[in-house]
**Student:** 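Please read through the structure below; I'll follow up with questions.
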Number of protein chains: 2
Amino acid sequence: MTEKPRPLRADAARNRARVLQVAYETFAEEGAAVPIDEIARRAGVGAGTIYRHFPTKESLFRAIVADRLRQVVERTREQAAVDPGEGLYAFLVHMAEQGATDLGLTEAFAGIGFDLAEALPDVEKEFTGLMADILAQAQRAGTVRSDVDVADIKTLIVGLQAMRRFRGDSELMHRVYPVIRAGLAAPPD
Amino acid sequence: MTEKPRPLRADAARNRARVLQVAYETFAEEGAAVPIDEIARRAGVGAGTIYRHFPTKESLFRAIVADRLRQVVERTREQAAVDPGEGLYAFLVHMAEQGATDLGLTEAFAGIGFDLAEALPDVEKEFTGLMADILAQAQRAGTVRSDVDVADIKTLIVGLQAMRRFRGDSELMHRVYPVIRAGLAAPPD
DNA sequence: ATATAAACGGAACGATCGCTCCGATTATAT
DNA sequence: ATATAATCGGAGCGATCGTTCCGTTTATAT
């Protein structure tokens with residue numbers, strides 16, 4: 001059933017990898033609205049070359065976001081294994097800092113012009129599962145109140161990323177994080 | 001020194017008022033990126049008529065934001081006078097709910113394509129003064145921890161509006177508000 | 001009622017952007 | 001070395017949007 005895709009020509013494979021790398025950096029810096037021509041220019045290829053590998057701009061963005069989220073999952077699982085009680089807080093801070101370093105990811109997570117659950121259902125499920133796991137872990141460790149669920153965590157991340165991107169430098173955010181932390185650690189009403 | 005501006009013709013005054021009203025609603029619904037032609041269509045005028053009263057789209061947006069922020073200041077001062085300890089929390093919830101009802105204001109406050117302090121320095125100062133007053137009031141009443149300042153409050157508002165707009169329905173946000181509240185009420189570390 | 005000038009609407013201009021197309025180039029098999 | 005086909009770059013198409021322009025309409029003063 002599966003067609004065997006004949007291997008890419010050497011120059012095509014090189015260009016594809018270069019486009020992915022440059023798109024990764026460019027979407028992070030400029031967000032999903034950056035023109036394809038800008039990515040092409042930075043990669044030193046023509047726009048046609050990008051469209052030969054990715055049929056639409058959205059499909060390129062999707063590939064980048066999927067890769068990025070899988071990196072976060074891996075990193076977070078490692079950290080959470082080391083310190084169960086702190087895993088969720090470290091994850092929240094890490095996601096918040098993405099607001100400063102990766103605008104594309106921040107937009108994707110907020111759902112700005114991009115429906116994560118619709119475009120990448122598998123990745124979204126994996127990511128939601130991760131959050132459920134480290135939240136439950138923190139609640140078992142007693143560092144997070146029991147009446148908080150995964151939807152609350154997703155919502156907080158959207159807020160934290162917006163704060164980091166649109167208002168807060170690193171110093172200011174490190175005064176905000178303890179407030180969020182105290183709120184999450186407080187006993188239920 | 002001041003030139004006396006001769007009064008507008010009756011139809012011009014009517015159109016100007018109608019454009020303002022429609023722009024108010026349209027920016028709230030669609031955000032600052034809505035095409036001018038859409039506002040013109042809804043107002044039943046030509047694009048030229050809008051540009052006769054407001055030299056650029058940005059100047060129209062600025063007029064709307066200024067008006068909107070002054071309304072919030074007035075409303076908040078009244079509320080804060082009634083209940084000093086709750087004034088800040090009521091203000092935060094009100095601003096958060098703007099995330100759902102007024103996209104234009106949310107964008108302006110986050111600084112998305114619009115620098116509030118640069119475009120409307122007087123309004124921005126008034127608004128910052130308001131926040132300083134009700135924060136100090138709450139801290140005096142003992143409902144907010146002492147190590148929080150106005151910059152933190154501005155940052156929290158950006159985050160809360162993003163949460164409300166991009167993730168949270170009203171029910172979910174009413175589970176998030178108590179977390180923020182608990183974080184702000186907690187004693188300093 | 002008429003003259004005057006203010007105001008009107010919407011066509012059109014120039015810039016931007018996603019995407020397609022095609023003549024020129026280049027990797028690869030022989 | 002040559003033939004073949006994959007790949008390339010970038011000009012160009014069509015759509016969108018801010019803004020301007022101008023022939024027509026309309027309010028107002030007389």
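Chain letters run A, B, ... following the sequence lines, proteins first, then strands; residues in each count from 1.
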**Student:** Is the closest basic N to carboxylate O distance between A:Asp147 and B:Arg175 below 4.0 Å?
**Tutor:**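 Looking at B:Arg175 together with A:Asp147, the answer is no, because their closest N to O distance does not fall below 4.0 Å.
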
**Student:** Using a 6.0 Å cut-off, check whether atom CD of B:Glu30 has over 12 heavy atoms from anything other than its own residue.
**Tutor:** yes

**Student:** So does B:Glu58 have more than 12 non-hydrogen atoms from other groups sitting under 6.0 Å from CD?
**Tutor:**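 Enclosed.
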
**Student:** Given 3.5 Å as the limit, does a donor-acceptor pair link the side chain of B:Gln139 with the main chain of B:Arg145, or not?
**Tutor:** yes

**Student:** Could you tell me how far apart B:Glu38 (CD) and C:dG10 (P) are, to the nearest whole angstrom?
**Tutor:**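 So the two atoms are 15 Å apart, to the nearest Å.
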
**Student:** Would you mind telling me which of D:dG9, C:dA7, C:dT26 lies closest to the side-chain atoms of B:Leu8?
**Tutor:** C:dA7

**Student:** Which residues, if any, of residues 11-22 of chain A bring a heavy atom under 4.0 Å of DNA chain D?
**Tutor:**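 Contacts with DNA chain D under 4.0 Å: A:Asp11, A:Ala12, A:Asn15.
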
**Student:** Okay, side chain of A:Lys57, backbone of A:Val34: is any donor-acceptor separation there less than 3.5 Å?
**Tutor:** yes

**Student:** B:Gln98 and side-chain hydrogen bond (donor to acceptor under 3.5 Å, both in side chains): which single residue from B:Arg68, B:Arg164, B:Gln161 fits?
**Tutor:**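 When B:Arg68, B:Arg164, B:Gln161 are each tested with B:Gln98, the side-chain hydrogen bond (donor to acceptor under 3.5 Å, both in side chains) holds only for B:Arg68.
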
**Student:** Separation of A:Ile50 atom CD1 from D:dG10 atom C1', in whole Å?
**Tutor:** 12 Å

**Student:** Are any of the side-chain nitrogens in B:Glu38 or B:Arg41 under 4.0 Å away from the carboxylate oxygens of its partner?
**Tutor:**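 Here B:Glu38 pairs with B:Arg41 in a salt bridge, since their nearest N and O are under 4.0 Å apart.
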
**Student:** Between B:Glu124 and B:Lys154 (salt bridge meaning N to carboxylate O under 4.0 Å), is one present in this structure?
**Tutor:**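 Yes, B:Glu124 and B:Lys154 are salt-bridged.
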
**Student:** Which nucleotides of nucleotides 15-24 of chain C have their base under 4.0 Å from a protein heavy atom (B), which only their sugar-phosphate (S), and which neither (-), written as one string 5' to 3'?
**Tutor:** --SSBB----

**Student:** Less than 4.0 Å between a side-chain N and a carboxylate O, is that true for A:Glu86 and A:Arg181?
**Tutor:** yes

**Student:** Taking only side-chain nitrogens and oxygens of B:Thr49, does any of them come within less than 4.0 Å of OP1 or OP2 of C:dA7?
**Tutor:**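 Result: no.
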
**Student:** Write down the distance between CZ (B:Arg9) and C1' (D:dA27), rounded to a whole number of angstrom.
**Tutor:**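 Checked: the CZ to C1' distance equals 4 Å.
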
**Student:** Less than 4.5 Å apart, side chain to side chain, heavy atoms only: is that true for A:Tyr51 and A:Ile36?
**Tutor:**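 Yes; the side chains approach each other to less than 4.5 Å.
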
**Student:** Look at the rings of A:Phe127 and A:Phe91 and say which category their plane angle falls in: under 30° parallel, 30 to 60° tilted, over 60° perpendicular.
**Tutor:** tilted

**Student:** At a heavy-atom distance below 4.0 Å, what parts of residues 39-46 of chain B sit against DNA chain C?
**Tutor:** B:Gly44, B:Val45, B:Gly46

